[in-house]
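A quick note: this is a predicted structure, and the numbers were derived from the prediction, not measured.
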Amino acid sequence: MLNAKIPAGPLEQKWSKYKSTVKLVNPANKRKLEVIVIGTGLAGASAAASLAELGYKVKAFCFQDSARRAHSIAAQGGINAAKNYQNDGDSVFRLFYDTVKGGDYRAREGNVYRLAEVSGAIIDQCVAQGVPFAREYGGLLSNRSFGGTQVQRTFYAAGQTGQQLLLGAYSALQRQVSLGNVKMYNRHEMLDIVKIDGKARGIIARDLVSGKLERHFGHAVLICSGGYGNVFFLSTNAMGSNVTAAWKAHKQGAFFGNPCFTQIHPTCIPVSGDHQSKLTLMSESLRNDGRIWVPKKKDDNRKATDIPEEERDYYLERRYPAFGNLVPRDVASRAAKERCDAGYGVGASKMAVYLDYADAIMRYGKIEASKKGQDHASKEEIIAMGKEVVKEKYGNLFDMYAKITGENPYETPMRIYPAVHYTMGGLWVDYELMTTVPGLYALGEANFSDHGANRLGASALMQGLADGYFVIPYTIGNYLADEIHTKPVPTDDPAFVAAEKAVQDQLDRLMNIKGKHSVDHFHKALGKIMWDKCGMARNEQGLQEAIKEIQALREEFWKDVRIPGKQNEFNPELEKAGRVADFLELGELMCKDALNRRESCGGHFREESQDKDGEAQRIDEEFSYVAAWEYKGPSSSEMHKEPLTFDIVHPTQRSYK
């Protein structure tokens, strides 16, 4: 039976009570304990810095050449926190409520309330580090709106919030590196977990420059390696983002929670051709001021600027008047797909909709004219002033769009379409962020815990930093307090030897296939299966077909993949091959999970389960649980259920109308 270890008592007292009663490790004993951190994005860097600051000996691993290159750096729009700076009715409870509702009632109340509770401290921490959040004229931190909420709680640094937050965490991490409390292993990839007596006691890592395998001991191991969106090949993730660390942990006994819960982001630059290796995100913050529309006439080939106002369908404002363009991501994505599938799409592919800033530019221009006392400013002058305001708020995003598309988004509407962005599923963890393997933890996007079936925008950065700065420093002590008498295990221990041999055998097997097709050939084929049959919409027949197709593709991969170069040298194709091998196993599990969940919820839309208006239809009496999958061997998994109870926010059919 899965034990989530949610503390007893009132919801608002659970975390404070836990912190007051949890076991502690004294400073002298912390110096004897070693912790391994896999990944140095927001969750990993903040965890490594915080634990080292407490006195633990930390080893941090990243496959990039610098921790600064973690994919967290790509986040654009902002980070949520319940500060109520706008005095618009926000509160810890409201953030908690919006997150549970936004996740379509498939997240734990206890974890989500804790996330909302520590959100304000994250902002204080980052400001103290010097993160340059946007500020109002008077110097106070600025907030903007994001989808799924009716308050402004999103703190931001132009369109590069992730970069600035990561630089703050990176600075904290590098300080501990310089003090000797963290040993940094760049260009290293974790390829297996080492277990001794059922507990995580270390890892096998590969030096990606030399190709050599290394053994590392740790009293505990933290997986902070991000999400698995690249199982679709095309996604907004960095091309190196992968599932390998989490999947190796899964195969060593860590249950995988809700793997089918993937998020499709509604505002991405559309696919332009078969040559693409990734997609580009346009921040959700653009929906804060932009209006989304399609022509009212099917197959309308006129330029956007030639289509008059009365012939435009602002379909989100029409269908969801209470939230308009700020509906949650899953709702906005499905609405865009529906319009395009019905023949109202725009652009050469007809698989895009418009994101228009003309109204925002006029609105901001009039405000500026009023501020300057220019009551008789011409329309051209108003537009010029409005463009300057938009440039200040979103300029780097507009520049990025212009460079990629060759179009000026200040003059003509952007074209956008949904794309794979984030994964709500991940390793199952309890309230302490520990997996089903003792001593093995998962933080940030690598775990499943906080977002249910749909993550609200600007909550990924919040969760990563909450887990690293404010949760794991407390919860890991509850485990390590009982490990202070455990001496470091020599890496010539039989468990390390056996784990390294298993990794070596897989590398040898990959190199000896010597087939005809590249790694990318198989990755693209997997991505097409996943997008077509386990993407924005899923149905029983398609999922059953996908499972068989993935099994056949995996068999072909192990017979016919071609990996040039040698094993004991820098070999990016070998790196990719190992990651795609893991994606081929994960993809099958995702389809099984989606097939089993015969309801629609959040980003998981089963075509058989929708209401008369085409909205997602949950089936709470059957599926109000976390699906935690146990690995039993190739193509074999057993599902365990963690029942979800809602004592405070009672599930209702989501409505943003």
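For Gln653, the CD atom is densely surrounded, since the number of other residues' heavy atoms within 6.0 Å is greater than 12. Heavy-atom neighbours of Lys19 NZ from other residues, nucleotides or ligands within 6.0 Å: above the threshold of 12. Applying the 6.0 Å contact sphere to OH of Tyr474 captures no more than 12 heavy atoms from other residues, nucleotides or ligands.
The pair Lys251-Glu585 meets the salt-bridge criterion, since a charged nitrogen lies less than 4.0 angstrom from a carboxylate oxygen. A salt bridge links Glu622 with Arg598; the closest basic N to acidic carboxylate O contact falls under 4.0 Å. A salt bridge links Arg287 with Glu284; the closest basic N to acidic carboxylate O contact falls under 4.0 Å. One finds a salt bridge joining Arg334 and Asp330 here, because a Lys/Arg side-chain nitrogen approaches an Asp/Glu carboxylate oxygen to under 4.0 Å. Between Asp613 and Lys657 there is a salt bridge, since at least one side-chain N of the basic residue sits less than 4.0 Å from a carboxylate O of the acidic one. Look at Asp124 and Lys83 and you find a salt bridge, because one of the NZ, NE, NH1 or NH2 atoms lies within 4.0 Å of a carboxylate O, short of that distance. Here Arg108 pairs with Glu642 in a salt bridge; the nearest charged N to carboxylate O distance falls below 4.0 Å. We find that Arg455 and Asp450 are not joined by a salt bridge, their nearest charged nitrogen and carboxylate oxygen being 4.0 Å or further apart. Checked for salt-bridge contact, Lys632 and Glu638 meet the test: a charged N lies under 4.0 Å from a carboxylate O. Comment: Glu615 engages Arg319 in a salt bridge, judged by a side-chain N to carboxylate O separation of less than 4.0 angstrom.
Of the N and O atoms on the side chains of Asn230 and Ser241, not one donor lies less than 3.5 Å from an acceptor on the other residue. Side-chain contact of Gln76 with Ser285: a donor-acceptor pair under 3.5 Å is absent, judged by distance alone. If you check the side chains of His265 and Thr267, you find a donor sitting under 3.5 Å from an acceptor. In this model, no donor atom of one side chain and acceptor atom of the other lie less than 3.5 Å apart for Asn143 and Thr154.
In this structure, the side chain of Glu109 engages the main chain of Val649 through a donor-acceptor pair within 3.5 Å. Between the Glu599 side chain and the Asp620 main chain, no donor and acceptor come within less than 3.5 Å of each other. Asp593 places no side-chain N or O within 3.5 Å of a backbone atom of Ala627 that could act as its donor or acceptor partner. Formation of a donor-acceptor pair under 3.5 Å by the Asn258 side chain with backbone atoms of Phe261 is not found in this model. Side chain of Asp88 to main chain of Gln152: a donor-acceptor pair is present (N/O by atom type, distance under 3.5 Å, no hydrogens or angles). Panel note: side chain Thr475, backbone Glu432; a donor-acceptor pair is recorded below 3.5 Å.
Here Asn111 contributes atom CG and His451 contributes atom NE2; the two are 10.5 Å apart, rounded to the nearest 0.5 Å.
Shown here for Ser225 and Ala446, the closest heavy-atom pair between the two residues is N-CB, 4.0 Å. Across all their heavy atoms, Ala107 and Ser449 have their closest contact at CB-O, 4.4 Å. Nearest heavy-atom pair across Leu234 and Val420 is O-CB, 4.1 Å. The two atoms that bring Ala453 and Arg106 nearest to each other are N-CB, 3.9 Å, heavy atoms only. Counting all heavy atoms, side chain and backbone alike, Gly253 lies closest to Val437 at C-CG2, 3.6 Å. Contact record, Leu397 with Ser283: CD1-CB, 3.7 Å, taken as the closest heavy-atom pair.
In this structure, Phe323 has its ring center closer than 6.0 angstrom to the ring center of Tyr656. Ring to ring, Phe256 and Tyr228 are close: their centroids are under 6.0 angstrom apart. The aromatic ring centroids of Tyr113 and Trp15 lie 6.0 Å or more from each other. Separation of the His640 and Phe255 ring centroids falls under the 6.0 Å cut-off.
Under the 6.0 Å distance and 45° angle rule, Arg114 counts as a cation-pi partner of Tyr431. Annotation: cation-pi pair Arg144/Tyr156 present, NZ/CZ under 6.0 Å from the ring centroid and within 45° of its normal.
In this structure, Tyr97 and Phe93 have parallel ring planes: the angle between them is below the 30° cut-off, well short of the 60° mark. Below 30°, between 30° and 60°, or above 60°: for Trp428 and Phe448 the angle between ring planes is below 30°, a parallel geometry.
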